[in-house]
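Bear in mind the structure is a predicted one, so any value in this text is a computation, not a measurement. Computation of the quantities below employed the complete heavy-atom set of this structure, encompassing side-chain atoms and omitting hydrogens, waters and symmetry-equivalent molecules.
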Amino acid sequence: MVTSATRAPLIFRGAHIWSVGSYSKNQAHMLPQEIISKKRNGAALDAAEIRFFVEGLSNGSIAAEQVSALAMAVYFQSMNAVETAQLTRAMVHSGSVIDWAGEGIAERVVDKHSTGGVGDKVSLMLAPMVAACGAYVPMISGRGLGHTGGTLDKLDSIPGYNTAPDLETLQRVVAAVGCAIIGQTPELAPADRRFYAIRDVTATVESVPLITASILSKKMSAGIAGLVMDVKTGSGAFMQTEEEAQALADAIVSTAGAAGLPVRALITDMSEVLGHSAGNAVEVRETLEYLTGARRDPRLHELTLALGAELLALAGMEQERHAARTLLQTKLDSGQATQVFADMVSALGGPPDLVERIDHYLPPAPVVKPVFAATAGYLAAIDVRQLGNLIIALGGGRRRVEDTIDPRVGLTEIAGVGARIDPHIPIALVHARDEASAELALQTLPPLFILADEQPVSKPVIRQYGG
């Protein structure tokens, strides 16, 4: 493990990942509305138009409603492979790119990204596990997007944890601890930072080129040597069919490949909640239960080990999956991964005794109530997307960019597919900020759980490997 005395990595402003190329127009004479109408009508944007729009995103010269309009145009008309690569490149160049070569760790700097789900807290446990094995993880994460939860929103529930440190702090923490899970700093892909927030509240999330450019611009700006993509499919995913998920995985792998970034993609199941909780503080609690061994959901554990094995392979540390999983399990069971998590929290301003005093730092919601099904049967399916929307309604997510999240609210003890249900066994516990919110959940939640007479077979969490 590199010590805290290690020299910080260099930062290159506007570093080139692809060649910039020439631009066909004088950007000074461009109008946002002309670019919007061109894409609205199905034409491909050229490099100059894309760069102009990204610069407007960065400096605020293009209004939010115009950004929204272009996002909607792309949502309906899409972008070709060249446009997607140009958008990615422009957003990377909108800020700085970290270079870790001077540290002697560049080949072991890796990251993972999920396309988003409900109850997906994998990043919180995976980064410290991989770091405990000797890799380095500067994880640039996002906030909730649409119905899905955001890693940063979960970490914000920890008092004092700084999800928006400066770049020097990111470098120092990664070098000293092995991982740091943060949001985009002002220096890293600033254009994507604004675009991401606007897409969240304008129903323009489910666009393959926009998702591709958003993910890769954040990750490439952190100077990683490899990326593992967790592309989710199912009722709680943006890509609800496996074909859609595969299309997104292919787009990310091919676009990253053009930049020389190795990417491995896993198609994973999001037809049920990942783990037994969904919310913010409740997922941090589940993370600590997982790390300490108090409780580990089997599907969550399987996915974490699978993603971790791919990361260790990309870091050049262990190519054989079984051996990599064994190493990860050893670091987990020994308590080393828990210690890395605690060190990361402390280094980023959180309490040094979070693990020991979780009840003190993450108090429960004012109202906690069980939710029951009206009839008996086996849980056959869950409308996970609407479950995520219910958490937003409880106050655990955003309808507008400026909304404030209540970190305490959410769901715990969520039943999994195949579970035996009857009117006396809760399908979940609701954590609400008041009685009115709790009552809303008690009425809304039961119809989202579909029962059957025969016990169904739960889908495997890993649907396929790729990339």
Side-chain angles (χ1 to χ4, degrees), residues 13-97 140 142-143 145-146 183-221 238 248 251-252 254-256 258-259 400-401:
R13 297 196 178 275
H16 294 282
I17 290 180
W18 292 274
S19 60
V20 174
S22 59
Y23 298 105
S24 60
K25 298 179 181 179
N26 184 340
Q27 292 184 13
H29 294 98
M30 290 186 189
L31 294 173
Q33 54 266 42
E34 293 298 322
I35 297 173
I36 294 166
S37 66
K38 182 177 179 181
K39 176 47 65 178
R40 180 200 64 197
N41 295 334
L45 303 180
D46 65 31
E49 291 164 332
I50 290 172
R51 185 178 178 89
F52 170 79
F53 211 94
V54 169
E55 287 178 353
L57 274 168
S58 301
N59 61 29
S61 61
I62 295 180
E65 57 267 25
Q66 292 174 317
V67 177
S68 302
L70 182 66
M72 190 63 73
V74 173
Y75 176 86
F76 283 112
Q77 298 291 357
S78 194
M79 282 181 158
N80 62 37
V82 173
E83 288 177 285
T84 303
Q86 289 169 342
L87 178 60
T88 304
R89 178 187 64 197
M91 292 206 295
V92 171
H93 294 331
S94 71
S96 305
V97 179
I140 310 300
R143 302 203 174 276
L145 196 62
Q184 287 171 269
T185 72
E187 300 96 333
L188 299 180
D192 174 68
R193 187 176 186 176
R194 185 177 178 220
F195 208 3
Y196 187 95
I198 291 173
R199 287 170 55 221
D200 180 25
V201 294
T202 56
T204 54
V205 172
E206 300 98 323
S207 165
V208 168
L210 296 185
I211 293 173
T212 299
S214 178
I215 292 169
L216 291 180
S217 63
K218 284 194 287 279
K219 300 303 183 180
M220 290 177 176
S221 65
F238 290 117
L248 176 58
I252 292 171
S254 62
T255 303
R400 300 173 300 174
V401 174

Straight-line distance of [X] [atom1] to [Y] [atom2], nearest 0.5 Å:
X      : Y      : atom1 : atom2 : result
Lys219 : Leu188 : NZ    : CG    : 11.0 Å
Ser78  : Lys39  : OG    : NZ    : 7.0 Å
Arg51  : Met91  : CZ    : CE    : 13.5 Å
Met30  : Glu55  : CE    : CD    : 9.5 Å
Met79  : Leu45  : CE    : CG    : 5.0 Å
Glu49  : Ile35  : CD    : CD1   : 5.5 Å

Work out which heavy atom in [X] is nearest to a heavy atom in [Y]; give both atom names and the distance.
X      : Y      : answer
Arg193 : Pro186 : NH1-N, 3.5 Å
Gly60  : Arg194 : CA-NH1, 3.8 Å
Ala191 : Ser94  : N-OG, 3.3 Å

Only pairs under 3.5 Å count here: list side-chain donor-acceptor contacts from residues 66-77, not counting sequence neighbours, and write none if there are none.
{"unit_1": "Gln66", "atom_1": "OE1", "unit_2": "Ala63", "atom_2": "N", "d": "3.2"}
{"unit_1": "Ser68", "atom_1": "OG", "unit_2": "Ala64", "atom_2": "O", "d": "2.9"}
{"unit_1": "Gln77", "atom_1": "NE2", "unit_2": "Arg40", "atom_2": "O", "d": "2.9"}

Derivation and outcome, side-chain contact (heavy atoms from CB on, under 4.5 Å), residues Phe53 and Leu87: CA-CA 9 Å; Phe53 211 94; Leu87 178 60; over 6 Å; no
Verdict with supporting geometry, Glu34 and Lys38, salt bridge (charged side-chain N to carboxylate O under 4.0 Å, His left out): CA-CA 6 Å; Glu34 293 298 322; Lys38 182 177 179 181; over 6 Å; no
Distance-only donor-acceptor hits, side chain of residues 203-217, under 3.5 Å, sequence neighbours excluded:
{"unit_1": "Thr204", "atom_1": "OG1", "unit_2": "Thr202", "atom_2": "OG1", "d": "3.0"}
{"unit_1": "Glu206", "atom_1": "OE2", "unit_2": "Arg385", "atom_2": "NH2", "d": "2.7"}
{"unit_1": "Thr212", "atom_1": "OG1", "unit_2": "Val208", "atom_2": "O", "d": "2.7"}
{"unit_1": "Ser214", "atom_1": "OG", "unit_2": "Asp192", "atom_2": "OD1", "d": "2.7"}
{"unit_1": "Ser214", "atom_1": "OG", "unit_2": "Asp192", "atom_2": "OD2", "d": "3.4"}
{"unit_1": "Ser214", "atom_1": "OG", "unit_2": "Lys218", "atom_2": "NZ", "d": "3.0"}
{"unit_1": "Ser217", "atom_1": "OG", "unit_2": "Ala213", "atom_2": "O", "d": "2.9"}
{"unit_1": "Ser217", "atom_1": "OG", "unit_2": "Ser214", "atom_2": "O", "d": "3.1"}

Residues which pass side chain to side chain contact (heavy atoms under 4.5 Å, CB included) with Asn80, listed by chain and number, not counting sequence neighbours: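 With sequence neighbours excluded, Asn80 shows a side chain to side chain contact (heavy atoms under 4.5 Å, CB included) to Ala44, Val82, Glu83, given in chain and number order.
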Side-chain (Ser61) to main-chain (Leu57) donor-acceptor, under 3.5 angstrom: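 Not confirmed, Ser61 side chain does not pair with Leu57 backbone.
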Flag, side chain of Thr255 to backbone of Ile252, donor-acceptor distance under 3.5 Å: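 Such a contact is absent between Thr255 side chain and Ile252 backbone.
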